[in-house]
Amino acid sequence: MMSAPQIIKQHMNPFRIALANIRFPATADESIALAKHSIDQASAKGAGIICFPECFVPGYRVGKPVPPPNQEFLERAWSAIASAAANASISVILGTERFVDGAMVATALVINQDGSMAGFQDKVQIAPSEEGTYAPGSGRRMFQAGPLTFGIAICYEGWRFPETVRWAAQRGAHVVFHPQFHEAEPNSYRPKEFADPANTFHEKAVLCRAAENTCYFATVNYASIGSPTTSAIVRPDGTLLSYQPYGEEGLLIGDIDLTLATGLVAKRYKPIS
């Protein structure tokens with residue numbers, strides 16, 4: 001008599017993340033209000049962490065009428081958003097800016113779910129178009145949100161410098177978050193499907209960053225008409241988990257399985273001598 005086949009159940013360890021695919025703030029103060037509202041929404045949907053686009057507070061400066069840098073405003077904004085995070089019991093990755101040795105640096109501020117500040121990941125690799133507005137930062141670091149280990153690569157870093165993602169994956173990142181700013185240019189292609197072959201390389205790079213490291217990759221853009229890239233979550237095998245419809249404002253929510261983010265490929269890398 002043949003015994004019944006065994007059913008093996010794979011252990012899953014899900015963690016819910018939120019990406020704030022929201023509009024560019026009309027004013028610096030609106031950036032605070034929009035951030036607080038999104039934090040409350042993400043918490044209500046059960047997310048353990050929310051990530052905002054690049055320099056969301058007060059807004060990405062290049063080509064935009066953003067008020068001059070103001071340290072007093074930044075400190076007030078960070079404090080208000082940290083209080084919102086504590087009230088909602090959610091971790092936050094806030095795209096923002098800060099002064100480092102008198103220079104303005106694009107950065108991401110990580111706020112713990114109790115409202116304490118875990119620290120900054122500055123943008124180290126800046127685009128040629130950003131020179132004169134932002135200075136390059138230095139150093140990379142890892143962060144923790146409960147069971148979730150993560151790194152951050154900001155916009156141009158994640159598109160053009162895959163080493164910034166591999167660095168985090170080699171150190172145990174389940175996911176690398178990618179705050180970005182990318183809006184339509186005159187006569188630019190307007191995609192309707194993620195990683196459209198007729199579109200630029202950017203969204204194809206998103207798939208590669210996950211697959212070449214065996215970790216999740218979560219990219220988050222502003223919502224804007226004709227946006228050439230959108231917010232998306234990619235699985236560690238390079239397949240798409242979900243993406244936000246182009247130009248549509250809202251939160252992209254995804255459950256990522258931490259057991260799949262092994263970092264296998266990243267850890268197998270042998271440095272070139």
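The model shown is predicted, which means the values in this text are computed figures rather than measured ones.
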Test Glu183 against Ser227 for side-chain contact (heavy atoms from CB on, under 4.5 Å), laying out the working first. CA-CA 5 Å; Glu183 65 177 5; Ser227 172; 6.0 Å; no
Could you check Arg23 against Glu30 for salt bridge (Lys or Arg N to Asp or Glu O under 4.0 Å), going step by step and ending with a plain yes or no? CA-CA 10 Å; Arg23 68 182 181 272; Glu30 188 187 39; 2.9 Å; yes
Name the orientation class of the two ring planes belonging to Tyr60 and Phe181 (parallel below 30°, tilted from 30 to 60°, perpendicular beyond 60°). parallel
What verdict does the salt bridge (Lys or Arg N to Asp or Glu O under 4.0 Å) test give for Glu130 and Lys123, after you've listed the backbone C-alpha separation in whole Å, the side-chain angles of each residue and the deciding distance to 0.1 Å? CA-CA 11 Å; Glu130 295 172 330; Lys123 187 175 186 178; 2.7 Å; yes
Please step through side-chain contact (heavy atoms from CB on, under 4.5 Å) for the pair His174 and Phe15, ending with a clear verdict. CA-CA 10 Å; His174 297 110; Phe15 190 95; over 6 Å; no
Using side-chain heavy atoms (C-beta onward) and a distance below 4.5 Å, is Phe177 in contact with Val175? yes
If hydrophobic clusters are built by linking Ile, Leu, Val, Met, Phe, Trp and Tyr wherever their side-chain heavy atoms come under 4.5 Å apart, do Ile81 and Leu251 end up in the same one? yes
Should Glu75 and Arg98 be marked as a salt bridge (Lys or Arg N to Asp or Glu O under 4.0 Å) after you check the CA-CA gap, both sets of side-chain angles, and the distance that decides it? CA-CA 9 Å; Glu75 292 179 0; Arg98 69 177 182 135; over 6 Å; no
Please answer: with hydrophobic residues joined when any side-chain heavy atoms are less than 4.5 Å apart, are Ile17 and Tyr216 in the same cluster? yes
Could you state whether Ile49 and Val92 fall into the same hydrophobic cluster, counting links through intermediate Ile, Leu, Val, Met, Phe, Trp or Tyr residues with side-chain heavy atoms under 4.5 angstrom apart? no
Whether over 12 other heavy atoms sit under 6.0 Å from Glu72 CD: no
So which heavy atom on Pro58 is nearest to which on Phe73, and how close? CB-CE2, 3.7 Å
Common cluster, Met117/Ile50, ILVMFWY with side-chain heavy-atom separation under 4.5 Å: yes
Smallest separation among heavy atoms of Ile152 and Pro179, with atom names: CG2-CD, 3.8 Å
Between Thr230 and Pro245, is any pair of side-chain heavy atoms under 4.5 Å apart? no
Atom of Ser38, atom of Ile22 and distance for their closest heavy-atom approach: OG-CD1, 3.5 Å
Go through the steps for Thr27 and Asp29 under the test side-chain hydrogen bond (donor to acceptor under 3.5 Å, both in side chains), then give the verdict. CA-CA 5 Å; Thr27 65; Asp29 282 332; 5.6 Å; no
Phe24 six-ring face occupied by Lys64 cation (under 6.0 Å, within 45°): yes
Minimum-distance pair of heavy atoms, taken over all atoms of Ser43 and Ile90: N-CD1, 4.0 Å
In a check of side chain to side chain donor-acceptor pair (under 3.5 Å) between His178 and each of Thr164, Asn221, Thr219, which one passes? Thr219
Any donor-acceptor pair under 3.5 Å linking the side-chain atoms of Tyr243 with those of Glu193? yes
Give the intermediate values and the outcome of side-chain hydrogen bond (donor to acceptor under 3.5 Å, both in side chains) for residues Gln144 and Thr149. CA-CA 5 Å; Gln144 200 77 27; Thr149 303; 2.9 Å; yes
Over-ring placement of Arg190 relative to Tyr246, 6.0 Å and 45° cut-offs: no
Mutual orientation of the aromatic rings belonging to Phe201 and Trp159 [parallel < 30°, tilted 30-60°, perpendicular > 60°]: perpendicular
Is the distance between the ring centroids of Trp78 and Phe120 under 6.0 Å? yes
Assess the residue pair His182 and Thr229 against the criterion (side-chain hydrogen bond (donor to acceptor under 3.5 Å, both in side chains)); give the C-alpha distance rounded to whole Å, side-chain angles, the decisive distance to 0.1 Å, and a yes or no. CA-CA 7 Å; His182 204 181; Thr229 62; 3.2 Å; yes
Atom of Gly59, atom of Pro25 and distance for their closest heavy-atom approach: CA-CG, 4.5 Å
Mind checking the CD-CG spacing from Gln121 to Leu109? Nearest 0.5 Å is all I need. 12.0 Å
Distance col, row Phe194:CZ vs Asn199:CG, nearest 0.5 angstrom, shows 9.5 Å
Please identify which of these residues, Val124, Val105, Ile126, meets the side chain to side chain contact (heavy atoms under 4.5 Å, CB included) condition with Pro136. Ile126
Quick one: closest heavy-atom pair of Arg209 and Pro162, and the distance? NE-CB, 3.5 Å
One should read off an interatomic distance between Arg140 CZ and Trp167 CH2, to the nearest 0.5 angstrom, of 7.5 Å
Verify whether one side chain among Tyr269 and Asn213 offers a donor that lies under 3.5 Å from an acceptor in the other. no
Student check: side-chain heavy atoms of Phe150 and Met142 closer than 4.5 Å: no
Test item: side-chain donor near acceptor, Asp122 and Thr107, under 3.5 Å: yes
Verify the cluster assignment for Ile253 and Val206: are they in a single hydrophobic cluster under the rule of side-chain heavy atoms below 4.5 Å apart? no
CZ of Arg16 to CG of Asp255: how many Å apart, nearest 0.5 Å? 4.0 Å
